[in-house]
Every structure is written in structure tokens, then in C-alpha cells.
Amino acid sequence: MDGSASSTTTLQQPGPNIIRLQQGITRTVKPATSGEKSFKEIPVLDVSRMYSEDLAEREKLAVEVRDAATKVGFMQIKNHGVPQEAIDAAFDHVKEFFALPLDAKMKLTQHQNPHFLGYEPLYETNVGGLKRGDCKESFSFAYDPDDDPSGGKDMPAIIRRVSQWPEPSVVPGYREALVKYQQSLLALARRFIRIFALALNLPEDHFDKMVTHPLAGVRTLHYPPMTGSDDQEIGLGAHTDIEFFTIIVQTINKHPALEVLNADGEWIKLYPQFGCFVVNLSDMMMRMTNDIFLSTVHRVINRGETDRYSIPFFFGANANELIEVLPSCTSEENPPKYEGMTTYDHSNARLRIARYQHPNAKQAQVFLPKKYVVRKGVPVFPEEQ
Ligand SMILES: O=C(O)CCC(=O)C(=O)O
Ligand SMILES: [Fe+2]
């Protein structure tokens, strides 16, 4: 699904400090040498200032975001403006859905959807290359321009992803509650990306035209308590996410479950605070910023006896947008490390590797035809029109 966990993989270690993830991505985790200590906790930011009329307030927040983005790649955000009722309603319906018998859920299997949308049962992915794999089940749905009151109009049909939903009688109100939650998160993400623009020394509206029909998919997740006493399963193995950033809400259980890898190779537990979202930067953000902003490796382990639920919202640019390294992130000593790439090509490649059991994963990759590629809404290859 859009921007979802790259369900990456295997912690093989070719060298003592190199983590090799499934997509051929490696992360070097080495003790910080610059005198600056690697992070030991995840910062909490009060983001109410993004709604301030006062630019100076928004800029102060941008400084904090830049600090978290360059040092940690993760943050918790409080006072984000999403009503608690929308969150509660989403969780109520998510719990009801996952409590259905397996055959009812399998009617929505991702294998019958070309865009990897729908239901994925326990152990379908195996991010860590373990004997049993990832002890989680999920349901994913995509951005639908018809549900977006503030955008969607210029979305080419070729990049539209159609979701599958349960019949309304199966879990009454499921689709409505989740789409409502998605809309709230979309509004939040469009606001928050303006703070990222400031944090990157860009005009505040720099990204606005790039997120008019964005990747804004949602994945609902259920992690039952892990059963095995061995270490042959995990909730979700170590990976990085795909798009610009992910916004996660989670049930708060006795044992924290989400863990974030620091530069010393230590797994730092994220203690979720009530009323906060977790925001983690993802690979397209890291690529666009020439590795200045970090897309940090993370994993989930559900210890204890309680079921855990979480709802990540994956936010990326319009799929037909060409993403290039930002000039504000380069210099003579630090030239661009990456070529431009559309969000479409980037995400599809990643999803296919992660969902290796999906029938489409084996077909040759399809790239977005050049005539659809835009830079802030303007065709990049007008001669192809
Ligand atoms: O369940 C969580 O808290 C995190 C899930 C996650 O990392 C993902 O879906 O990419
Ligand atoms: Fe993730």
C-alpha cells in the first residue's frame, strides 16, 4: 500500500555495523564520532504552533522539527488538532474488523488487488527473515480523490488506486470511520509539510502543489501478543518507510512496542504518550533532502499479554511528481547523491519487494509513462504529450 512499511528485511550483517534492509538499502549504524551523542529518546513537539497566524511561531516550530529530523528521524507530536473522537471511532471499528473470522477477512485479500490494498493475514510478511515472520495482520486502503474535499481534481486516472472494503453490513460504519480519520490526517499532513518546507529553508508553500492528490494511504494493524518463546517471530521486522513521512496512532499498552534504531546500534523504545501521534520521516524525504533528514530504521515487538493496534498514515507526494534532491540540501562539498524519481516508480518498486507473496510482485515493474510526469503540476516532458 502507499508508503506502507517497506516490510523490509533481513538483518544480515556484512560488517559489524551495517544493517542490510530488503530493498538493497543499507544503513550504517556506527557510534557517533562528532562528539554529539546518538539519541536515547524520541523528542515530543508541541505542534499547535503550526496553526499560529504568526510566522515567527511557525518558524520556531520548524527549528525544532529540523533538529528532530536531522538527529532522530522520529518525533511525537502533541496538540495536533485531530479530534480524539475521530481517533476513538477509527480504533473501535478497526478492533471490530480484526475480530471477524479469518474467512471473512480473507474475502478482502490483498492478493486480488493490483495495488496491494486490502487484508493481509498474520505472518504474510517476513521482514526479519525469521522462521515464522511478522506476527501482525493488517488492512490497507489508499487515497481516493472522491474523498478529498481539498484536492484530487487533477489526478490522472492511471495513478488511481482503488481500495477494497468490507460490505457495510459486515462491520457497519467501518469505511466511514476510517475515511474520516484519513481526511483529518490528510489535513494535518498538508499543514505539517509546510513546517517541513520552513525547516528546509524553502518558501512555506513549496510542497503545496506536490500534494494535491498525494499518496495518503492508511494501514490498520493488529499485533496479537507473540506466542513463541523462541525468537522466530517479531511484530514487524526492522525497516524504513517509503514516502515523505508517516503519522502513527497506537493503543497504549503496558509494554512499549515500537523501537527505533539509533546510530550506536541500540534499539530505543518509544514510550507513546496519550494524545500524541508518532511521526517518522521516510525514505523519499531522506532522498529528497540528500540524506540530511533521516529515515530511521524501526521495528515493532509486542511483549506482554495485550493485543496492540496501530494506524499508520503514509504521506507522500502526488504519484506523478518527479522528486529531485532539493538545492537547499546540496553544496559544492555535498553534491546531489540521487537522480530524480517519481513517487510512483519509487513506491511501486518498494511495495513489490515487500509483498513478495503477491502475484503482481513477480511481474516486470511498470514505470509511469513520461507524459504523466510533472514537477509541481507542470509536465516535465512536454514533447511526450
Ligand atoms: O505499528 C506501528 O507502530 C508501526 C508500524 C510501522 O512501522 C509501519 O507500518 O510502517
Ligand atoms: Fe514503519
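Whatever order the structure lists them in is the order used to number ligands and atoms, beginning at 1. Throughout, numbering of the chain's residues begins at 1 and tracks the sequence.
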*Counting from 1, what ligand 1 atoms have a heavy atom of D241 closer than 4.0 Å?*
10 (O)

*Atom indices of ligand 1, in the order listed, that fall short of 4.0 Å to a heavy atom of V300*: 1 (O), 2 (C), 4 (C)

*R219 heavy atoms, cut-off 4.0 Å: which ligand 1 atoms fall inside?*
8 (C), 9 (O)

_Taking a cutoff of less than 4.0 Å between a non-hydrogen atom of the residue and any ligand atom, is K136 in contact with ligand 1?_
no

*Is the shortest distance from a Lys or Arg side-chain nitrogen in D283 or R287 to a carboxylate oxygen in the other one below 4.0 Å?*
no

*Using a strict cut-off of less than 4.0 Å between a Lys/Arg side-chain nitrogen and an Asp/Glu carboxylate oxygen, indicate whether D54 and K60 qualify as a salt bridge.*
no

*What about F139 and Y174, are their ring centers closer than 6.0 Å?*
yes

*Examine Q250 against ligand 1 and note whether any of their N/O atoms are separated by less than 3.5 Å.*
no

*Quick one: angle H298 NE2 - the Fe ion (ligand 2) - H239 NE2, to the nearest 10°?*
90°

*When the aromatic ring centroids of F192 and F315 are compared, is their separation below 6.0 Å?*
no

*asked:* For E120, is there an ion pair with K136 - N to carboxylate O distance below 4.0 angstrom?
replied: yes

*At a 4.0 Å threshold, what atoms of ligand 1 neighbour a non-hydrogen atom of H298?*
7 (O)

*Thinking salt bridges, do D208 and R190 make one under a 4.0 Å N-O criterion?*
no

_As an exercise, identify every atom of ligand 1 less than 4.0 angstrom from a heavy atom of I248._
3 (O), 4 (C)

_Yes or no: does R308 have any heavy atom under 4.0 Å from an atom of ligand 1?_
yes

_Atoms in ligand 1 with a heavy atom of L221 nearer than 4.0 Å_ = 1 (O), 5 (C), 9 (O)

*Between OH on residue Y223 and CG on residue L258, distance to nearest 0.5 Å*: 7.5 Å

*Rounded to the nearest 0.5 Å, what separation is found between the CG atom of L198 and the CZ atom of R58?*
7.0 Å

*For P312, the ligand 1 atoms whose distance to one of its heavy atoms is below 4.0 Å*: 9 (O)

*Give the atom name of whichever N/O/S atom in D241 sits closest to the Fe ion (ligand 2).*
OD1

*Can you tell which part of L236 has a heavy atom less than 4.0 Å from ligand 1: side chain, backbone, both or neither?*
side chain

*Determine, for E167 against K107, whether the closest basic-nitrogen to carboxylate-oxygen distance falls under 4.0 angstrom.*
no

